[in-house]
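Indexing begins at 1, ligand by ligand and atom by atom, following the structure's order.
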Amino acid sequence: MPESPTATPAYRLRSVCVDYPTPAGPVSGARDITLDIPSTGMTVLAGPSGSGKSTLLRVLGLFERPDRGTVELDGTDLARLSHRRRRALRRGRISLVFQNPVDNLLPQLSVAGNLRAAAESAGRHRYPDDELGDVLEDLGLDGTGEWSVTALSGGQQQRLAFGCALARRTPVILADEPTSQLDDTSATRVLDVLRRLADRDLTVVVTSHDGRLIDLATRVVRLRDGALHAVADEAEAEKGHDTV
Ligand SMILES: Nc1ncnc2c1ncn2[C@@H]1O[C@H](COP(=O)(O)OP(=O)(O)OP(=O)(O)O)[C@@H](O)[C@H]1O
């Protein structure tokens, strides 16, 4: 369910700028971004190549510190945190799914082993078998628990990557172009998983060019040249209105 505009956002970004040093001078990855990300539903960061989607996702994932501006996660100003506190916050609150399915998994472990390792990586030392079974069933991967992840198709691996995010039980799931390396059928099944995630009490933020994924969004954030171009919530998007 999309939340009311008055609900507390998960992320609050104010005048965020990221500059990349290059031999030819600084290149702007994010220009003066002021944006709230709702605590539930799915926010899609959309825009052409080089518009700053990955930069913004890295800021949200605490992998990139803005050069200027502030970012709050659940009311905590991230600039005030020590390196250790940032790492602990990332570990306990954020799961990240990369574009390339194999980058999300440990190839030496089985499907179940990957889910258990993911749970452990977020500090969950007990991951009950029935929960593991439920996650596999939810992902359409039941019966594959003992398989090597290398025996899964790219689409199955990507669904498992979202399963690992669920096993970590973090309130925030970030995904970078999760369907871009998949064929149509596999992408459709990943979209089904994302649709169900977006209905849970989770903050889901995804970068994508995929129109089908953008159609699932409760908030679409459009970027151009590192700057915010438009923000549309589900209700406005259906009416064709954009609001910044
Ligand atoms: N490490 C870096 N060093 C220098 N410039 C960078 C670096 N990372 C990104 N940029 C520049 O920052 C801008 C935004 O890049 P970013 O990767 O965030 O865009 P994007 O929308 O995710 O692109 P794509 O869809 O191609 O992945 C671009 O001009 C890019 O060239």
Side-chain angles (χ1 to χ4, degrees), residues 10-38 42-73 78-79 83 86-87 90 94-104 154-155 157-158 161-162 165 172-184 186-187 190-191 194 197-198 203-233 237 242-244:
Y11 287 94
R12 207 189 288 267
L13 283 73
R14 294 294 176 267
S15 307
V16 166
C17 297
V18 174
D19 299 324
Y20 295 107
T22 75
V27 170
S28 202
R31 290 175 204 265
D32 202 22
I33 303 266
T34 289
L35 174 70
D36 287 347
I37 306 249
M42 177 157 60
T43 298
V44 173
L45 308 179
S49 182
S51 59
K53 304 180 295 295
S54 305
T55 299
L56 201 50
L57 200 74
R58 284 202 296 273
V59 168
L60 301 178
L62 278 57
F63 291 99
E64 191 82 63
R65 276 178 191 268
D67 293 289
R68 294 175 297 287
T70 58
V71 181
E72 288 180 10
L73 173 56
L78 301 179
H83 186 65
R86 275 173 76 88
R87 243 189 19 208
R90 190 193 301 140
I94 299 171
S95 294
L96 188 57
V97 174
F98 297 102
Q99 187 168 19
N100 190 356
V102 293
D103 292 342
N104 293 307
Q157 288 177 339
Q158 203 62 322
F162 283 103
V172 177
I173 298 179
L174 308 176
D176 196 9
E177 310 234 11
T179 56
S180 66
Q181 309 234 339
L182 305 178
D183 61 45
D184 263 6
S186 304
V190 169
L191 291 172
L194 272 165
L197 285 184
T203 308
V204 182
V205 186
V206 183
T207 66
S208 192
H209 298 283
D210 187 336
R212 296 169 305 172
L213 210 159
I214 292 170
D215 285 345
L216 296 180
T218 41
R219 172 166 291 189
V220 180
V221 175
R222 292 191 187 276
L223 299 166
R224 293 277 185 284
D225 294 328
L228 204 60
H229 179 66
V231 179
D233 285 333
D242 275 359
T243 52
V244 176

Does any donor atom in the side chain of Asn104 or Gln157 lie under 3.5 Å from an acceptor atom in the other side chain? no
Modelled atom types, side-chain donor and acceptor of Tyr20 and Thr55, under 3.5 Å: yes
Hey, could you give me the OG1/CD1 distance between Thr203 and Ile37, rounded to the nearest 0.5 Å? 9.0 Å
Flag, side chain of Lys53 to backbone of Val206, donor-acceptor distance under 3.5 Å: no
Please check: side-chain N/O of Ser15 versus main-chain N/O of Gly69, any donor-acceptor pairing under 3.5 Å? no
Could you tell me whether the side chain of Thr43 reaches within less than 4.5 Å of the side chain of Pro38, counting heavy atoms only? yes
Of Ser49, Gly226, Gly29, Ser54, the residue with the heavy atom nearest atom 17 (O) of ligand 1 is Ser54
Note: heavy atom closest to atom 19 (O) of ligand 1, options Ser180, Gly52, Ser28, belongs to Gly52
What is the closest protein heavy atom to [atom], and at what distance does it sit?
atom	value
atom 25 (O) of ligand 1	Lys53 NZ, 2.9 Å
atom 6 (C) of ligand 1	Tyr20 CD1, 3.2 Å
atom 23 (O) of ligand 1	Gly50 N, 2.8 Å

Atoms in ligand 1 flagged as close to [X], the criterion being non-hydrogen separation under 4.0 Å:
X	result
Pro48	21 (O)
His209	25 (O)
Glu177	25 (O)
Thr55	14 (C), 15 (O), 16 (P), 18 (O)

Would you say atom 13 (C) of ligand 1 makes contact with the protein, given that contact here means a non-hydrogen protein atom less than 4.0 Å away? yes
Any protein heavy atom under 4.0 Å from atom 31 (O) of ligand 1? no
Can you tell which of Ile33, Val44, Thr207, Leu35 makes a side-chain contact (heavy atoms from CB on, under 4.5 Å) with Val221? Leu35
Which segment of [X] sits under 4.0 Å of ligand 1 when only heavy atoms are counted:
X	result
Pro21	neither
Thr22	side chain
Val27	side chain

What's the verdict on side chain to side chain contact (heavy atoms under 4.5 Å, CB included) for Leu73 and Arg86, showing C-alpha distance, side-chain angles and the deciding distance? CA-CA 11 Å; Leu73 173 56; Arg86 275 173 76 88; over 6 Å; no
Salt bridge present between Asp19 and Arg31 (N-O < 4.0 angstrom): no
